[in-house]
Amino acid sequence: MTKAQLSAKVAERTGLTKKQASEVVEAVFSIITEVLAKKRNSEPVNIAGFGKFVVKQRPKRVVRNPRTGETVEKPATRIPAFRPAKQLKEVVAG
């Protein structure tokens, strides 16, 4: 499902116009992104019954280039992750 399709479904269910629904969907994604992008004390975005968006910390590590065999130190990184709620897992599992 694309963002446009999601916006169309929101418009259909809420009675909003497609433009208004698109703005709502865009705003939700923007807020989630802003909260997760905070450098310090990034708080998780918890949506009850759906899941939790969190930031995981990957430590620095030594990696090897498979083509040359050269080892390089890769710096620590922050990556977004999603943890589905139990209810969502049960619905998807059937």
Side-chain angles (χ1 to χ4, degrees):
M1 176 176 274
T2 65
K3 195 185 299 187
Q5 292 169 328
L6 180 61
S7 296
K9 289 282 188 185
V10 170
E12 183 182 304
R13 290 202 183 172
T14 63
L16 297 172
T17 65
K18 286 186 179 181
K19 183 177 179 183
Q20 290 171 327
S22 178
E23 290 172 357
V24 169
V25 169
E26 196 62 45
V28 169
F29 290 153
S30 177
I31 292 167
I32 291 172
T33 302
E34 287 173 15
V35 171
L36 296 179
K38 290 180 184 176
K39 292 293 181 189
R40 293 184 182 205
N41 300 329
S42 176
E43 59 189 79
V45 177
N46 191 8
I47 302 170
F50 184 72
K52 185 187 295 189
F53 294 93
V54 296
V55 175
K56 288 186 176 183
Q57 193 76 21
R58 281 197 178 157
K60 70 178 182 178
R61 59 188 182 187
V62 177
V63 296
R64 188 178 65 83
N65 182 336
R67 187 172 293 178
T68 63
E70 176 186 9
T71 58
V72 180
E73 188 171 290
K74 186 171 182 180
T77 57
R78 295 166 28 104
I79 59 164
F82 177 73
R83 296 182 187 154
K86 181 180 177 186
Q87 295 156 325
L88 178 61
K89 288 180 188 178
E90 290 172 353
V91 169
V92 170

Would you say [X] and [Y] are hydrophobically clustered, going by side-chain heavy atoms of ILVMFWY under 4.5 Å?
| X | Y | answer |
| --- | --- | --- |
| Ile79 | Val54 | no |
| Val55 | Val28 | yes |
| Phe53 | Val92 | yes |
| Val25 | Phe50 | no |

Distance check, rounded to the nearest 0.5 Å: [X] atom [atom1] versus [Y] atom [atom2]?
| X | Y | atom1 | atom2 | value |
| --- | --- | --- | --- | --- |
| Gln57 | Thr77 | CD | OG1 | 7.0 Å |
| Leu36 | Phe82 | CG | CZ | 11.5 Å |
| Ile47 | Leu88 | CD1 | CG | 10.5 Å |

Exercise: identify the closest heavy-atom pair between [X] and [Y]:
| X | Y | result |
| --- | --- | --- |
| Ala21 | Ser7 | CB-O, 3.3 Å |
| Ala85 | Gly49 | CB-C, 3.7 Å |
| Gln87 | Ala48 | OE1-C, 4.5 Å |

Notebook entry, point to check: Can you tell which of Thr33, Val35, Ile31 makes a side chain to side chain contact (heavy atoms under 4.5 Å, CB included) with Val45?
Noted result: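 Running side chain to side chain contact (heavy atoms under 4.5 Å, CB included) over Thr33, Val35, Ile31 with Val45 returns exactly one hit, Val35.
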Item checked: Pairs involving residues 10-32, ordered by first then second residue, that meet side-chain hydrogen bond (donor to acceptor under 3.5 Å, both in side chains) (sequence neighbours left out) ->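 The answer is Lys3-Glu26, Thr17-Gln20, Ser30-Glu34.
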Next item on the list: Go through the structure and list residues passing salt bridge (charged side-chain N to carboxylate O under 4.0 Å, His left out) with Glu70, not counting sequence neighbours.
Entry: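 Glu70 satisfies salt bridge (charged side-chain N to carboxylate O under 4.0 Å, His left out) with no other residue.
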Next item on the list: Might you confirm whether atom CZ of Arg78 has over 12 heavy atoms from other residues, nucleotides or ligands at distances under 6.0 Å?
Entry: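 Correct, the count exceeds 12.
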